[in-house]
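Let me begin by presenting the structure, written as structure tokens, before commenting on it.
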Amino acid sequence: MTQFRTVSDIRIFAGGADRLDGHIDGLCPNKRICMVTDKGVRKLGLLDGAISALTEAGYAVMVFDDVVADPPEHIVVQGALAAKEFDAGLIIGFGGGSPMDTAKVMAHLIGCDQPIEELYGVGLAKGPSLPLLLIPTTAGTGSEVTNVAILTTGATEKKGIVADALYADRVLLDANLTMGLPKMISAATGIDAMVHAIEAYTSLPQKNPLSDSLALSALSKLKGALERVCKDGNDVEARTDMLIGSMLAGQAFSNAPCAAVHALAYPLGGFFHVPHGLSNALVLNEVMKYNLPKAETYYGEIADYLRLGTQGANLLDEMARLKDATHVPQTLAEVNIKPDAIPMMAEDAMTKDRLLMNNPRVMTYDAVTKIYENIAK
Ligand SMILES: [Fe+2]
């Protein structure tokens, strides 16, 4: 049986956040809203138009802006308590992956009585959630349409909550919010979105026709738009294509989960705080090279769809070219990770069973070590 799930209401509207009161119909009868974001997004003023539109329309708005990258569990719990005390009827996640993931878990914690420590794993978050609207301000994570939230528990350990209860009720894609993104963030998050699509297309055993179709559409949007936004950050059409591509990839990997690229990328974020998109870009080519003998057919099909040729190697060449063209760092040395950290990272990567089980080729500790060594400098 193939089952495919996604968010049922997706709105694409450049400028929509400034008229947010028109996009929460039916979601918030008590007119009390908690917006979840981080201080960076708030300082950029991205929230201002939305808050004005909501308050002018008679909504009471509280802003929880304590979210940080790789959100720690205690901050999510703190946010949920604050929103509950405010009697919020709607949670709006506004920002990149971290605010959106935080908002998903907050909505669930407020909507039911499950303690957070019972939620980690697959399908363990059950019961009702508070209504949830997600508005991404970067194009990459696809978190707005996934049923996954990644939190940091303890000092460095990251744990995932994967459950249909985390799907948002509505998503708003507003390209205007992504216009000011620096080139490096646009490039790294865009490559992350491409990785989501590639890994969904090769995901075993949950690969399915709907995810395949979305992954291919995502890659064709992202491939064209990535270089355009790196050349001209104010190209609203390219920014919209990036958001749509990232969202399509999110729909794909939410139903055909990611694999070894993500498993090997996580230790870079967990131990060294390398941003998620950049971590994926760093390990991408070497993981694809390792996978190629088992993924030749799938990579070849993607290459063919993108008119790059019909060989798997054509896709690898294109991803390497895109990394060069967008000037993302290519080695661990460039992000200040020394070779002596490789055994620790390899051990950590091997614990990511949730991801490694989907990889088209079985990943071993030795293979992971070799991949890290090949990108060391
Ligand atoms: Fe990712």
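Along the sequence shown, residues are numbered consecutively beginning with 1. Every number for a ligand or one of its atoms is a count from 1 in the order of the listing. Just so you know, these numbers come straight off a predicted model, no measurement behind them.
Side-chain contact between Tyr299 and Ile198: present, with at least one pair of heavy atoms (C-beta onward) separated by less than 4.5 Å. Under the 4.5 Å side-chain criterion, counting only non-hydrogen atoms from C-beta, Arg321 is not in contact with Asp324. The shortest distance between side-chain heavy atoms of Ile342 and Glu373 falls below 4.5 Å. Within the 4.5 Å cutoff, the side chain of Lys158 has heavy atoms near those of the Asp70 side chain.
Around the Fe ion (ligand 1), the protein N, O or S atoms closer than 2.8 Å are Asp192 OD1, His196 NE2, His262 NE2, His276 NE2, listed by chain and residue number.
At a threshold of 4.0 Å, the pair Arg228-Asp241 counts as salt-bridged, since one of the basic side-chain nitrogens sits closer than that to a carboxylate oxygen.
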Report the C-alpha separation of Lys289 and Asp317 in whole Å, then their side-chain angles, then the decisive distance to 0.1 Å, and conclude whether the salt bridge (Lys or Arg N to Asp or Glu O under 4.0 Å) test is met. CA-CA 10 Å; Lys289 252 188 234 169; Asp317 291 346; over 6 Å; no
